[in-house]
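Structure record follows, encoded as structure tokens.
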Amino acid sequence: MKNYLDNINKAFESRARLGIMSVLMVEEKVDFNTLKENLQLTDGNLASHLRALEEAQYIQVEKQFVGRKPKTTYQATESGKTAFHEHLDALEQLILNNRKDE
């Protein structure tokens with residue numbers, strides 16, 4: 001029997017990163033404050049999870065100024081979308097496999 005845990009991506013294990021990617025799979029671009037409000041995370045907590053996803057090259061960061069205020073937006077990269085779909089597929093297979101054993 002194939003071990004489906006092998007296909008679960010550790011980058012998406014935390015609730016915060018799973019939430020970030022879920023939002024970015026639905027919305028093309030999302031700003032920092034929207035993510036913070038929707039996921040109910042602190043600035044520091046959100047920033048650290050975003051940084052980890054950026055380092056994994058799963059998200060792209062765009063910084064700009066609107067008027068005199070900085071605005072940072074995020075979007076999932078193609079490799080991030082692929083990795084997230086593979087992660088969800090692995091979770092689905094794990095669930096389906098366990099239901100068959102019941």
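- Across A16 and H49, no two heavy atoms sit closer than the pair CB-CD2, 3.4 Å.
- Within a 6.0 Å radius of CD in E62, more than 12 heavy atoms belonging to other residues, nucleotides or ligands are found.
- Side-chain contact between D43 and F32 is present, with heavy atoms from C-beta onward closer than 4.5 Å.
- Within a 6.0 Å radius of CD in Q64, other residues, nucleotides and ligands contribute more than 12 heavy atoms.
- With rounding to the nearest 0.5 angstrom, the CD atom of Q75 is 10.0 Å from the CD1 atom of I59.
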(request) With side chain to side chain contact (heavy atoms under 4.5 Å, CB included) as the test, would you mind laying out the steps for F12 and M21 before giving the verdict? (result) CA-CA 8 Å; F12 306 126; M21 288 303 293; 3.4 Å; yes
(request) Dump the intermediate steps for side chain to side chain contact (heavy atoms under 4.5 Å, CB included) on T72 and D31, then the final yes or no. (result) CA-CA 6 Å; T72 306; D31 65 73; over 6 Å; no
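- Here the side chains of L50 and L35 are in contact, with some heavy-atom distance below 4.5 Å.
- Across all non-hydrogen atoms, the minimal contact from Q57 to S79 is O-OG, 3.0 Å.
- The main-chain N or O of N9 is found under 3.5 Å from a side-chain atom of H87 such that the two form a donor-acceptor pair.
- Outside the 6.0 Å centre-distance limit, the rings of Y58 and F84 are not counted as a close aromatic pair.
- Across every non-hydrogen atom of A11 and R17, the tightest pair is O-CD, 2.9 Å.
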(request) Run the numbers on T73 and V30 for side chain to side chain contact (heavy atoms under 4.5 Å, CB included), then give the verdict. (result) CA-CA 5 Å; T73 56; V30 180; over 6 Å; no
(message) Using side chain to side chain contact (heavy atoms under 4.5 Å, CB included), reason through E54 and Q60 one step at a time and then give a plain yes or no.
(response) CA-CA 6 Å; E54 182 183 13; Q60 181 178 326; over 6 Å; no
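- Side-chain contact between N38 and E27 is absent, with no heavy-atom pair separated by less than 4.5 Å.
- Taking the side chain as every heavy atom from C-beta outward, I8 and L94 approach each other to under 4.5 Å.
- Rounding to the nearest 0.5 Å gives a distance of 11.5 Å between CG of N45 and NZ of K36.
- Residue E13 holds its CD atom at 10.5 Å from CG of L18, rounded to the nearest 0.5 Å.
- A distance of 8.5 Å separates OG of S22 from CG of L39, quoted to the nearest 0.5 Å.
- A distance of 6.5 Å separates CG of L41 from CD1 of I20, quoted to the nearest 0.5 Å.
- A salt bridge is defined here as a Lys NZ or Arg NE, NH1 or NH2 lying under 4.0 Å from an Asp or Glu carboxylate O, and K81 with E78 meets this definition.
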